[in-house]
Each structure stands twice: as C-alpha cells, then as structure tokens.
Amino acid sequence: MGLENYRRTISETKHAAILNAARENFLKGGYSRAAMAEIARDADVSTATLYKHFASKEALFTAVVEAVYDNMNAPALGNIEGATARDVLTKICNVYAAQQFEGQMNGMLRIVIAEVPSSPELARAVFERGVTTRYKQFQQALDALVQRGDLKPHDTATGVRLLGGMVKEFIVWPALFIKEFQRPNDIDSKIESCIDAYFKMYERIQK
C-alpha cells in the first residue's frame, strides 16, 4: 500500500469513528448537550482532527443522519429486474423500517424536532438532505414499476409519501412519543396491509 493510500485509509477510519461516536453522543444527550470535545475523545481523535473532518457540530449531526440513509443502500431499490411489484414495495417498506430502528432514525428525529425552535437551519438540512433524499430514492422504484406496467401512471412523488405515510403510522409516530418503543413484532403484516391499500389505488390489473 502506497503512502497516499495509507493516509486515505487512516482518514476514512477516523471519519467513520467520529460518525459512530457522534451518533452515540447525540442519541445519549441530544444535540444541545453533545460536546465536540467529548465526541473527539470517544472517537479517539484530537479535537483538531474532528474539526478537520467536520467544520461544526451542525455539519457533524447532518453527516450522521446522512450516513444512516446511505448505509441502507436505498438507491438499489431502483433495480426491479426479476422482482414482483409486491416484492419491490415490500423492500421499500422494509428499508424504511430498518432506517427507523436499526439505523436509529427515530431517535435522531426526536433530537431534530426538539431543535427546530433554536436551530431551524439544522432541522431544514436534515429534512432536505435526509428525508427528501430518501423519498426521491424510493420514488425511482415506483417510477420503474410504472414504466414496466405494474402500476398505473400516477404522481409517484405523492405516491411514495402515501405509502410511507401509512407505514409511518405504525413505526414512527409511536416512537416519537414513546422513547422505549420497539419494532412491532407484527410489522410484516402491517406492511402487507399498507401495500394492499396502495395497490387498491395504483395497481394496474393485467388483462
């Protein structure tokens, strides 16, 4: 490994360590209480190194949220070859659920909502670079199903919000108000009922 590649690897390792430490600190004490010096200590880097990677706590928090979405590989949903329409919609809903629980987005959303009055720009950044980006990724899958003829032509930007909204009633709203809320044991059947409702609106019946 050349010197340049070695330095890049070290930098990427430190970057990942900072994101992991930041996520745990934000979830533990909220945005306002999280301290950059403490995050640096938990990531085993200097404060100077932390600021070299992230210019501010706001930039760091936004990066933590973006990492949750990126790690779930939502863009892969656009490839529907060999999958039924139900398979694709099930995968969309399962990615959504995984982001909220395994990705700890429910906890992150509680933090963001609490900061809206004092840090509106932070909330806007999270919404635009996280939530709306996810909608666009999921929308690509719906567009592909429309193009293939599995779904009726419709406004898929609205459609993805309708599908997400139905799932959200079961896995997001309760989690925002009940801290100890866990992934429901019957989430699969709940997702199935949401997809059934979506199909009643938009499924193209093959003749």
Side-chain angles (χ1 to χ4, degrees), residues 5-76 92-138 164 167-185 187:
N5 287 338
Y6 173 77
R7 287 174 174 169
R8 184 183 301 113
T9 300
I10 293 297
S11 179
E12 291 173 351
T13 300
K14 290 180 177 179
H15 190 91
I18 291 170
L19 287 176
N20 288 334
R23 184 180 65 251
E24 295 306 315
N25 273 266
F26 287 133
L27 288 170
K28 179 175 65 177
Y31 179 81
S32 299
R33 293 183 181 180
M36 295 292 270
E38 186 173 349
I39 292 171
R41 184 198 66 200
D42 291 349
D44 197 24
V45 300
S46 67
T47 304
T49 296
L50 189 156
Y51 277 105
K52 182 179 178 181
H53 285 262
F54 302 99
S56 66
K57 185 163 71 169
E58 181 176 315
L60 176 55
F61 185 84
T62 303
V64 168
V65 173
E66 288 178 334
V68 172
Y69 292 115
D70 291 343
N71 289 341
M72 294 301 168
N73 197 25
I92 288 176
C93 294
N94 284 334
V95 168
Y96 189 16
Q99 288 172 334
Q100 299 308 125
F101 291 102
E102 286 86 342
Q104 298 176 300
M105 270 309 304
N106 283 330
M108 290 293 178
L109 287 177
R110 283 196 296 267
I111 295 170
V112 173
I113 291 170
E115 295 298 325
V116 170
S118 58
S119 302
E121 294 305 318
L122 170 68
R124 180 180 292 275
V126 169
F127 181 73
E128 292 179 349
R129 296 169 65 178
V131 177
T132 59
T133 296
R134 176 173 59 185
Y135 285 152
K136 291 176 182 177
Q137 292 168 342
F138 291 171
V167 177
K168 190 180 297 181
E169 290 294 325
F170 299 110
I171 65 173
V172 176
W173 284 115
L176 292 182
F177 295 96
I178 305 171
K179 187 175 181 180
E180 63 275 14
F181 181 78
Q182 300 293 320
R183 183 184 181 117
N185 292 328
I187 186 60

Can you tell me how far the CG atom of L19 sits from the NE2 atom of H53, to the nearest 0.5 Å? 9.5 Å

To the nearest 0.5 angstrom, please state how far the NE2 atom of H15 sits from the OG1 atom of T49. 13.0 Å

Test side chain to side chain contact (heavy atoms under 4.5 Å, CB included) on M36 and L60 and set out the steps. CA-CA 9 Å; M36 295 292 270; L60 176 55; 3.8 Å; yes

Provide the closest heavy-atom pair for I18 versus L50 in the form atom of the first, atom of the second, distance. CD1-CA, 3.9 Å

Do the ring planes of F138 and Y96 sit parallel (below 30°), tilted (30 to 60°) or perpendicular (above 60°)? perpendicular

I need the minimum non-hydrogen distance between A43 and A17, along with the two atoms involved. CB-O, 3.6 Å

Taking all non-hydrogen atoms of both residues into account, name the closest pair between R110 and I178 and its distance. NH1-O, 4.3 Å

Heavy-atom distance under 4.5 Å between the side chains of Q99 and V95, does that happen here? yes

Note, F181 side chain near F101 side chain (heavy atom, < 4.5 Å): yes

Which atom pair, heavy atoms only, marks the closest approach of N106 to I171? ND2-O, 3.1 Å

CZ (R134) and OG1 (T132) are apart, to the nearest 0.5 Å, by 10.0 Å

OG on S46 to NZ on K52, rounded to 0.5 Å: 9.5 Å

Mind checking whether K28 and R33 have side chains closer than 4.5 Å, heavy atoms only? no

Hey, is CZ on R124 packed in by over 12 heavy atoms from elsewhere, all under 6.0 Å? no

In this structure, CD1 of I92 is separated from CD of Q137 (nearest 0.5 Å) by 11.0 Å

Could you tell me which non-hydrogen atom of A55 sits nearest to which non-hydrogen atom of A59, and how far apart they are? N-CB, 4.4 Å

Any side-chain heavy atom of L109 sitting closer than 4.5 Å to one from Q100? yes

Heavy atoms only: give me the nearest E102-A97 pair and the separation to one decimal. OE1-O, 3.9 Å

Separation between CZ of R41 and CD1 of I39, rounded to the nearest 0.5 Å: 10.5 Å

Please verify the inter-ring angle class for Y31 with F61; under 30° counts as parallel, over 60° as perpendicular, anything in between as tilted. perpendicular

Verify side chain to side chain contact (heavy atoms under 4.5 Å, CB included) between E38 and D42, making sure each step is shown before the conclusion. CA-CA 6 Å; E38 186 173 349; D42 291 349; 4.1 Å; yes

